[in-house]
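First comes the structure, then the notes that go with it.
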Amino acid sequence: SLAGGGARTLKNGVVETIHELEHGKVTWFYKDSAGTFWIGHEYGLFRRLDGQIRQVTDPAFDRLNNRHFTCYYAARDGTLWLGTSGGIVRHQAGRFDAVTSEDGLAADYVDRIQEDAHGNLWLAGRDGFFYVNARELHEVASGRRERLISHRVEPVEGVPGFKSHPKGCLAKDGMMWMAAKRGVIR
């Protein structure tokens with residue numbers, strides 16, 4: 001459950017509080033192909049291993065100015081991209097790497113991630129939409145490239161509310177649809 005603060009489970013007809021998550025808000029759950037259960041939370045990243053929920057700590061997280069894990073995207077190549085209020089985190093082959101605006105990310109607050117058919121990751125948050133080349137993002141995350149090039153989608157005249165926390169959807173035909181307070185853009 002994502003209701004209220006923390007998280008709860010329903011086991012044998014009984015609702016139980018997950019005490020490790022009772023303070024703050026859970027923002028998402030994800031179970032990967034290896035069976036690891038990941039939990040994005042207002043106060044960090046958690047995972048369930050061997051029946052226990054533990055907070056994930058990693059030196060890569062020190063690069064984030066805030067550790068609210070806002071969203072996730074499981075890419076086709078098996079990479080788990082994690083949006084935070086302080087940048088994005090790549091989890092690949094058991095390793096975490098953080099990328100922030102210091103590396104060229106257009107904004108640190110990312111609460112939406114989507115991949116298109118052209119090798120781009122579309123990111124959105126309180127500062128609007130932008131996209132980055134996924135290969136370049138991997139190179140920056142692994143230290144093989146110094147700077148990332150972000151491509152910001154500028155607000156559209158006559159479509160109010162586009163800049164702050166926009167929503168988007170990638171259609172099967174490859175078209176990106178973006179919604180704002182009073183309009184849809186494609």
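- Counting heavy atoms from C-beta on, the side chains of V56 and F46 never come closer than 4.5 Å.
- Residues H151 and F130 place their aromatic rings such that the two centres sit no closer than 6.0 Å.
- Proximity of H91 to D32: side-chain heavy atoms (C-beta onward) are nowhere separated by under 4.5 Å.
- More than 12 heavy atoms of other residues, nucleotides or ligands shown are found within 6.0 angstrom of CD on Q55.
- Note that the CG atom of L45 and the CH2 atom of W38 stand 5.5 Å from one another [nearest 0.5 Å].
- Taking the side chain as every heavy atom from C-beta outward, W122 and I113 never approach each other to under 4.5 Å.
- Qualifying side chain to side chain donor-acceptor pair (under 3.5 Å) partners for R90, counting only residues two or more places apart in sequence or in other chains: Q92, D97, H138.
- Checking side-chain atoms of R126 against main-chain N and O of D111 turns up no donor-acceptor pair under 3.5 Å.
- In the hydrophobic cluster analysis, where Ile, Leu, Val, Met, Phe, Trp and Tyr join through side-chain heavy atoms closer than 4.5 angstrom, L80 is grouped together with F96.
- Applying the side chain to side chain contact (heavy atoms under 4.5 Å, CB included) rule to S101 yields the partners D108; only residues at least two apart in sequence or on another chain are considered.
- A donor-acceptor contact shorter than 3.5 Å is absent between the side chain of D58 and the backbone of F61.
- With sequence neighbours left out, T36 forms a side chain to side chain donor-acceptor pair (under 3.5 Å) with no residue at all.
- Other residues sharing the hydrophobic cluster of Y43, ordered by chain and number and joined by side-chain separations under 4.5 Å: none, the residue standing alone.
- No donor-acceptor pair closer than 3.5 Å links the side chain of R47 to the backbone N or O of I53.
- The backbone N or O of G87 sits nowhere less than 3.5 Å from a side-chain atom of R63 that would complete a donor-acceptor pair.
- Here the straight-line distance linking atom CG of L148 with atom CG of L105 works out to 6.0 Å at 0.5 Å rounding.
- Of all heavy-atom pairs between A98 and L64, the closest is CB-CD2, 4.0 Å.
- Among residues two or more places apart in sequence or in another chain, the side chain to side chain donor-acceptor pair (under 3.5 Å) test is passed with R135 by E139.
- Two rings, from H41 and W28, have their centers 6.0 Å or more apart.
- For the pair N133/I149, no side-chain contact is recorded, criterion being any heavy-atom separation below 4.5 Å from C-beta on.
- In the displayed structure, R95 atom CZ is contacted under 6.0 Å by at most 12 heavy atoms of other residues, nucleotides or ligands.
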What pairs of donor and acceptor atoms, side-chain ones from residues 68-75 against any protein atom, are under 3.5 angstrom apart with sequence neighbours left out?
residue : atom : partner : partner atom : Å
T70     : OG1  : G83     : O            : 3.1
T70     : OG1  : V110    : O            : 2.3
Y73     : OH   : E115    : OE1          : 3.1

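- Residues I88 and L137 meet the side-chain proximity criterion, which asks for heavy atoms closer than 4.5 Å.
- Of all the heavy atoms in S150 and A106, the pair that sits closest is OG-N, 3.0 Å.
- Summarising the geometry, atom CZ belonging to R48 is positioned 8.5 Å from atom NZ belonging to K31; distances are rounded to the nearest 0.5 Å.
- Just one of T84, T57, D62 meets the side chain to side chain donor-acceptor pair (under 3.5 Å) condition when paired with R67; it is D62.
- L121 and Y131 fall into different hydrophobic clusters, where Ile, Leu, Val, Met, Phe, Trp and Tyr are joined by side-chain heavy atoms under 4.5 Å apart, directly or via other members.
- When side chains are defined from C-beta on, R112 does not count as touching L123, because their heavy atoms never get closer than 4.5 Å.
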